[in-house]
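Structure first, then comments.
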Amino acid sequence: MTALHNTEPLLRAENLTMRFGGITAVKQVGFAVGPGEIVGLIGPNGAGKTTCFNMLTGFYTPTEGRVFFNGTDITSHKPHAIARLGLIRSFQKTNVMKRLTVFENVLTGHYMESRQSLLATFFPGEKVRRAECEARASAAAIVETMGLSRRMNAPAHLLSCGELRLLEVAVALAAKPTLLMLDEPAAGLNSHEAMQFGETLKTLVGKAVRSLLIVEHNMELVMGVCDRIVVLNFGQMLAEGEPRAILDNPKVAEAYLGKAAA
Amino acid sequence: MDLFLQFLTNGLVVGVFYALSALGLTLIFGLMRVVNFAHGEFYMMGGVVGWFVTTYLGLDFFSGLVLVALAIGGFGWLVDRVLIERVRGQGEEPGILLTIGLSIFLVNITLLAIGPAPLKVARAITEGPIFLGPVTITKMRLLAMVIGIALIVGAYAVIHRTRLGSAMRATFQDPMAASLAGIRTKQVYAATFALGCTLSALSGMLLASIYSAQASVGGLVSLKSFVVVILGGMGSFPGAIAGGLLLGVAEALWGGYVATGMVDIIGFLLVILILVLRPQGLFSIRAERA
Amino acid sequence: MTLERNILLALGVLAAMLPFAITDQYILHLAIMAIFYAILANSLNLVVGYVGEFSLGHTAFLGTGAYTAALLSVNAGWPMWAAVPAAGVVAALFGLAIGAITLRLQGPYFVIVTLSFAEVLRIVANNWIAVTNGPMGLAGVGQGGIANKSAFLAIVLGLAALTFYLSYRFVYSNAGRAAVAVRENRYVAQSIGVNPFGTAMQAFVLGAFMAGLAGGFYAFYISFVGPEVFRFAFMATIIIMVLMGGKGTLLGPVVGAVIVTLLEEYLRELQELRLSLFGLIVMAIVLFLPNGLMGFIARRREQRGDVPSLSPAIEERTV
Amino acid sequence: MSTITMDAPDTALGMVEPVLRVRDLHVSYGSTAALHGISLDVHAGETVALIGANGAGKSTTLRAISGLLKTRSGSIAWNGTSIANRPPEEIVAAGIAHCPEERHVWPGMTVEENIALGAYLCRSKDEVRTRMGMAFHRFPRLRERARQLAGTLSGGEQQMLAIARALMSEPRLLMLDEPSLGLSPRMAEEVFEVVRAINAHGVTVLLVEQNIHNALAVASRAYVVKTGRIAAARPTADLRGDPELLKAYLGG
Amino acid sequence: QDSIKIGLVEPLTGSVAYNGKSVIEGARLAVEQINAKGGVLGKPVELVIEDGQCAPANSVNAVEKLVQKDKVAVLVGAFCSSATAAIMPVAQKYKIPLVTGVSSSAALTEQNNSWFFRAAETDALMAKAFAKILANDLKLKSVAYVGVNDDWGRGGVEEFSRDLSALGVKTALTEYFDHGTTDYFTLLTKLRAAKPDGIFIAAETQDGSILVKQLQEMGVQSKVFGVGSWATADFINLTGDAAEGIYAAVPYVSSVDTPRNQEFVKAYEAKYKIKPGKYGAAGYNALNITAQAIAQAGSTDAEAIRTALGKTDYKAPNGEYRFTAKGQAYGFDAVLVRIEGGTPKVVATSPVEAPQ
Ligand SMILES: Nc1ncnc2c1ncn2[C@@H]1O[C@H](COP(=O)(O)OP(=O)(O)OP(=O)(O)O)[C@@H](O)[C@H]1O
Ligand SMILES: Nc1ncnc2c1ncn2[C@@H]1O[C@H](COP(=O)(O)OP(=O)(O)OP(=O)(O)O)[C@@H](O)[C@H]1O
Ligand SMILES: CC(C)C[C@H](N)C(=O)O
Ligand SMILES: [Mg+2]
Ligand SMILES: [Mg+2]
């Protein structure tokens with residue numbers, strides 16, 4: 001059993017299919033993310049990457065297929081139930097709590113760590129107080145890591161587009177993910193910032209998070225951080241492999257990279 | 001069977017009236033997303049001003065109707081520019097509070113001006129029953145139905161077939177993008193609000209000539225109109241018609257076969273039931289994804 | 001956080017001295033009503049301000065509480081100390097049942113479906129004559145019990161202390177933060193493990209419980225309960241209090257309740273003009289203090305601290 | 001419609017009156033200032049890029065030009081006429097299109113309706129139809145999804161839609177705020193092809209772009225924005241050749 | 001203190017404000033006349049009017065204010081029976097006499113509240129007074145009962161149907177409708193199918209006028225009689241020719257041909273440009289009864305006023321008012337009218353007797 005546990009991937013998707021009315025957005029997609037891995041999910045616009053994310057994290061119920069996380073079948077679980085297992089995601093369309101400050105956003109991210117009984121809510125004891133202190137300290141540290149300390153107490157609606165992307169990642173980190181899934185986290189960062197961000201990501205894996213699944217169109221970033229890459233096209237698997245191999249794959253170049261790769 | 005037919009007819013007539021009185025709200029609440037608690041008061045003002053212009057200015061019903069449409073439309077325009085404009089884009093709550101205040105003000109200022117008595121609005125045509133087989137209906141009701149259906153179809157056409165209609169929908173869905181497309185959003189808001197008020201007032205006068213006008217009728221009209229709009233699905237005209245007819249017929253059948261004593265419960269039970277089954281109402285679609 | 005707590009504590013201490021300080025029965029009555037409304041507004045605020053969904057059916061809980069207390073008192077002779085907590089519990093159960101249906105909906109749909117529940121209950125109360133005595137209502141609640149205004153003031157203060165303690169704890173707990181997360185952005189909330197339905201339900205039931213307590217108190221204090229406790233007019237008053245004071249703060253509803261109670265009372269002098277003026281004042285408050293009085297104060301503090309706010313022109317709608 | 005002031009012969013850029021002239025622009029959100037005196041010129045037929053770190057004020061500059069934000073002080077002149085603090089509707093009508101950050105498509109309308117409304121100010125139905133044909137030609141993906149509600153499109157599809165919509169007004173100055181955001185590398189390239197093509201047809205382009213390679217490839221000049229000020233104005237050729245310089249500008 | 005204050009709690013806003021206003025008109029007229037004659041105990045009478053909105057809580061608030069702040073000697077109100085029921089314990093607690101000229105629920109006088117006096121008919125008393133006349137003169141074999149769905153409407157329907165049934169009149173149908181209903185076609189469809197000889201309706205002006213109009217639109221031919229403020233100018237104006245021939249049982253009608261009534265009608269018309277109706281008279285009477293009791297008591301002492309109220313003998317435009325031990329008025333005349341040519345013609349008069 002223990003031996004098997006080691007080889008068992010953290011996340012495994014089998015045969016995922018998603019149809020919206022007449023449109024099949026994702027068709028029979030299967031891939032896995034192993035412990036300690038950084039996997040990239042790429043593909044042309046509308047290929048079905050975000051839809052995959054939504055199926056993996058319970059925001060959509062797959063028309064067909066199954067999802068396993070840490071050995072449990074999480075297909076069609078509720079999003080929050082999946083999050084509680086340690087599978088945390090960010091969104092492609094910027095989603096933050098706009099009226100809260102950066103710090104409050106990140107503090108709220110610690111929800112799962114600070115969960116408590118109803119009794120403790122109304123009659124908090126020493127334990128609750130200590131947990132609260134720890135959460136605050138951790139929140140401050142995460143804001144720091146993401147390079148947002150300058151904006152610590154600014155309400156989120158004051159941030160620029162790029163800063164918001166960083167804040168989203170910070171909130172996701174606060175939830176202490178086992179597997180972190182990021183949907184275009186570097187969109188809105190300039191080339192230079194994106195590379196810095198990539199470095200940060202690499203330092204996270206193994207420490208703050210076990211594995212990383214990342215959707216991103218910034219090829220420099222993807223090639224720089226990913227151990228393995230999965231390519232979707234028109235909802236179907238197009239290729240899978242090491243970054244170098246993907247770069248050299250003519251089908252990927254044709255469908256996705258365009259002339260730049262040539 | 002004859003009874004059933006008569007109930008059904010009653011229900012359909014009242015259903016059209018419900019749809020008609022909810023029409024203004026479909027624009028203002030359904031499309032513009034202003035939770036307008038003063039809707040019933042615009043309806044009420046339609047009746048009261050209608051009474052005033054037919055009784056004191058001696059206008060006939062139809063000229064009165066036109067004058068009422070203009071007057072309340074203009075008033076609605078002002079309300080939007082002076083009041084609603086200031087709380088736009090701040091979420092639902094300020095609008096709710098504002099229109100509750102407006103509704104309290106309008107009812108009571110009307111009470112002050114004309115008193116609480118029910119008022120009689122001149123009728124468009126002479127009254128008299130028409131017998132269609134076993135079913136009785138009156139000429140005035142038929143006329144009101146025809147006008148009502150015409151207004152509903154007209155409003156639908158404006159929203160879905162005209163440039164102004166597209167501009168309205170764009171403005172309510174994303175005002176920033178709309179202004180970048182060259183749409184004069186402030187004007188569009190005001191025009192929509194005015195149009196909604198006009199429709200409310202028209203139905204108010206039309207129905208006041210069948211029933212009667214009174215300063216305090218607004219509350220019930222607001223409540224039922226909200227029910228109709230929600231039943232049909234926010235912002236959907238076919239939905240408003242379906243919601244109105246559904247409500248009318250359900251009430252008629254319940255009143256007919258169970259008891260008239262608590263017919264008002266039907267609308268609310270329907271809302272609860274339908275929203276449990278279809279959380280976006282009958283005719284509305286969601287365009288939102290994670 | 002601590003500022004709000006300290007102000008609340010100070011207010012509580014001040015209020016606790018009221019029964020000794022005031023002998024004028026009329027002022028005592030106003031004080032009791034204001035505190036009663038503060039409890040009610042606070043309970044609605046838990047839903048409106050912290051779950052972020054606008055409930056128009058809060059009178060459902062006020063009403064079930066009031067009817068529970070009245071029935072227990074009139075039919076079974078329960079004393080106030082037993083009937084009022086029972087009212088809270090029954091209202092909380094109703095909260096659970098109604099919440100199970102309504103909290104699946106959002107936005108305008110939630111607004112209208114909660115209103116529908118209150119109306120259904122009103123119509124039932126009006127027609128189920130065998131139990132509720134229909135439109136005639138239940139008279140003589142708590143007869144032979146407490147009749148002294150100072151005693152009622154002490155009781156309502158006790159209830160206020162309890163309910164504000166509970167709200168304070170809830171709002172500043174992890175659960176309260178989760179509720180705010182749901183209010184601010186459902187997607188984010190879910191993705192960090194918050195169950196939007198469960199969290200909203202907690203706040204909803206807590207609010208229902210507190211409204212039920214208020215209803216139970218109301219039944220004993222007025223000694224009469226009729227179907228109009230479910231009416232929208234009641235609801236409108238509570239909404240005005242919450243929004244005027246400023247939703248999403250604990251202090252706001254208290255301020256709103258006191259102001260509206262006094263306003264309604266002192267506008268009496270104006271006779272017929274009273275409600276027209278009241279409507280105008282409500283509108284003026286929205287226009288000039290769009291976030292309520294507390295929001296206004298917060299903004300003033302913010303401006304001094306130079307934290308600006310979003311200009312509405314390009315504020316984004318969180319879809 | 002605004003008047004065309006000049007069609008001066010191709011002389012050195014500095015000699016000709018710019019079509020867009022921004023001087024000492026100050027803009028704030030509420031009480032915090034975001035721009036502290038931006039000055040820039042865009043000449044007819046040029047493609048100019050605004051680059052800079054996160055939160056530097058690039059988007060704010062575009063918003064002020066298109067009328068979404070009121071200016072505190074400073075001037076914005078379009079073909080010699082001041083357009084500062086005019087409402088966005090008028091500015092669009094004068095020939096300036098702004099494709100905003102974050103797409104802002106109308107979620108409850110179909111792709112087709114979104115595109116058609118981009119030409120709201122064009123009253124000729126035939127003309128709108130030709131322009132729509134053009135849009136679908138540029139973005140075939142959108143033709144496939146013509147009847148889909150825009151809110152359900154993928155991120156990149158929405159981005160294409162936003163660009164297509166901005167082009168529908170056939171502006172004389174096109175302002176694009178991060179057009180490649182969320183686009184696949186291939187799609188981004190295609191979009192820049194479109195930008196080049198439009199530019200070749202005489203449309204002036206003002207571009208905010210995070211993908212520096214693309215930005216520098218398509219633009220002839222670039223302004224570097226740093227905390228609400230213009231830190232440098234360079235021909236893109238200079239910047240392309242000097243990665244260190246670039247790094248210094250973009251580091252934030 | 002230079003005036004004697006009487007507190008009046010009536011609905012000035014809300015759905016029954018229309019009727020509440022009439023009560024106030026009557027009361028104002030009474031006060032004007034009293035003060036013109038030098039007031040009471042040598043001081044002018046002052047009315048303090050509060051809006052109770054016919055809601056229990058608001059009425060209680062109003063009473064608290066009237067008693068504590070204005071220190072009124074007597075309370076008059078609060079129109080709807082439910083609101084009156086809510087303020088009765090307050091009046092008792094503060095030991096202030098409470099007179100109502102309107103609230104008609106029989107239960108009110110059964111609460112052993114010795115501070116409460118009802119200067120109005122109850123539904124039971126009206127039914128007893130007219131059931132026989134209706135059954136015999138209109139030759140009714142079956143009657144359909146329709147009432148507004150509140151305590152008053154339900155009370156009226158119950159009392160009339162009980163008394164008429166006792167006389168052998170069959171009940172064809174009983175239906176209630178909610179206040180503010182505008183469309184009665186469904187109800188009337190059922191009613192038409194039940195084919196009654198007569199239709200009893202308990203409804204106020206707004207509901208009643210629409211209902212009667214729609215009766216005509218539906219082509220229902222049965223005889224209509226009802227209780228409520230029907231014999232008023234407003235009602236007849238709103239109802240138009242559909243009002244022709246209907247009967248109404250009311251405690252007061254302006255066309256009663258007694259000198260005292262004619263004098264009242266003249267004064268009322270002079271002041272308000274409209275003939276008094278049931279509620280105008282109720283306000284007028286309640287105020288006169290109160291003022292008279294204060295004069296009798298010789299002081300504003302509450303106990304003394306209560307005793308004096310118990311001994312009331314007031315000559316009203318519509319007969320004489322006395323109170324039973326429980327505080328129920330009797331001795332005044334109720335009338336049955338028929339609307340002919342746009343005016344209510346008195347068909348029968350019957351003194352309201354003290355209930356056993
Ligand atoms: N609710 C829906 N209804 C209809 N079609 C949908 C819906 N959701 C997604 N789609 C379609 O499914 C396809 C896949 O969308 P998805 O968002 O997964 O793409 P993506 O790979 O994330 O693309 P991008 O890189 O542009 O973000 C798109 O063509 C989109 O239009
Ligand atoms: N809606 C807003 N309300 C208040 N402040 C804002 C708002 N939008 C931006 N700001 C502030 O204005 C400054 C400039 O923002 P702007 O969006 O123009 O930056 P940007 O250069 O476009 O950055 P990015 O590359 O991240 O999009 C930032 O400091 C930001 O915090
Ligand atoms: C308006 C009516 C319902 C008032 C009624 N007479 C009552 O006692 O309540
Ligand atoms: Mg995507
Ligand atoms: Mg930007």
Side-chain angles (χ1 to χ4, degrees), chain C residues 22-34 36-37 62 66 70 119 122-123 126-127 129 133-144 147-149 218-219 221-229 231 233-234 237 261 264-276 278-279, chain E residues 9 12-15 17 21 24 47-71 78 80-90 92-94 103 105-108 110-113 147-155 158 176 178-179:
Chain C
I22 306 178
T23 47
D24 184 332
Q25 298 284 306
Y26 173 58
I27 303 216
L28 219 45
H29 170 72
L30 289 187
I32 293 173
M33 288 313 282
F36 158 74
Y37 273 121
L62 171 74
E119 282 293 301
R122 179 182 67 77
I123 295 172
N126 202 34
N127 288 277
I129 293 172
N133 203 20
M136 215 25 238
L138 297 163
V141 182
Q143 220 152 43
N148 172 321
K149 283 231 161 67
Y218 173 84
Y221 181 60
I222 304 285
S223 87
F224 176 93
V225 176
E228 67 288 322
V229 283
R231 263 206 186 279
F234 230 124
T237 312
T261 310
E264 284 200 333
E265 208 51 43
Y266 286 102
L267 283 180
R268 280 184 183 285
E269 302 300 326
L270 295 167
Q271 300 282 338
E272 282 96 340
L273 266 178
R274 173 173 98 111
L275 283 175
S276 307
F278 184 70
Chain E
V9 181
L12 300 180
T13 54
S15 55
K21 281 261 160 76
I24 289 175
L47 265 188
V48 189
I49 299 167
E50 288 298 339
D51 181 10
Q53 297 177 14
C54 252
N58 297 56
S59 301
V60 168
N61 278 351
V63 167
E64 292 280 355
K65 185 231 166 204
L66 287 173
V67 173
Q68 299 293 349
K69 191 148 167 259
D70 299 315
K71 312 243 183 290
C80 293
S81 298
S82 50
T84 308
I87 64 169
M88 280 170 58
V90 186
Q92 186 171 28
K93 188 172 66 190
Y94 292 127
S103 304
S105 159
L108 297 180
E110 301 302 319
Q111 290 182 10
N112 292 326
N113 186 334
V148 61
N149 190 12
D150 65 15
D151 47 328
W152 171 75
R154 284 183 174 269
E158 274 160 27
Y176 297 99
D178 281 321
H179 181 74

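Letters A, B, ... mirror the listed sequences (proteins, then strands); counts begin at 1.
- One distance of note links OG of C/S223 with NZ of E/K93; it measures 8.0 Å at 0.5 Å rounding.
- With a 4.5 angstrom heavy-atom cutoff, C/E228 touches chain E only via side-chain atoms.
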Could you go through the side-chain contact (heavy atoms from CB on, under 4.5 Å) check for E/E64 and C/K149 one step at a time? CA-CA 12 Å; E/E64 292 280 355; C/K149 283 231 161 67; 2.9 Å; yes
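- Between E/N149 and C/N126 the shortest heavy-atom distance is O-ND2, 3.6 Å.
- C/P135 approaches E/S82 most closely through the heavy-atom pair O-CB, 3.8 Å.
- When the candidates E/D51, E/L12, E/V48 are compared by the number of heavy-atom contacts under 4.5 Å with chain C, E/D51 comes out ahead.
- Interface remark: C/L30 contributes no atoms to any contact with chain E (heavy atom separation under 4.5 Å).
- For chain E, the nearby part of C/F224 is the side chain; its heavy atoms alone come within less than 4.5 Å.
- Ion pairing of E/K69 with C/E265 is absent here, as no side-chain N (NZ or NE/NH1/NH2) approaches a carboxylate O to less than 4.0 Å.
- Partners of E/E50 according to the salt bridge (charged side-chain N to carboxylate O under 4.0 Å, His left out) rule, which considers only residues two or more places apart in sequence or in another chain, are C/R268, E/K65.
- Within the 4.5 angstrom heavy-atom criterion, only side-chain atoms of C/R274, from C-beta onward, approach chain E.
- Looking at E/A62, both its backbone and its side chain come within 4.5 Å of chain C, counting heavy atoms on both sides.
- In this structure, the separation between CG on E/D151 and CD1 on C/I129 is 10.0 Å, given to the nearest 0.5 Å.
- For chain E, the option among C/H29, C/Q25, C/E264, C/M33 with the highest count of heavy-atom pairs below 4.5 Å is C/H29.
- Residue E/Y176: no heavy atom, backbone or side chain, is found under 4.5 Å from chain C.
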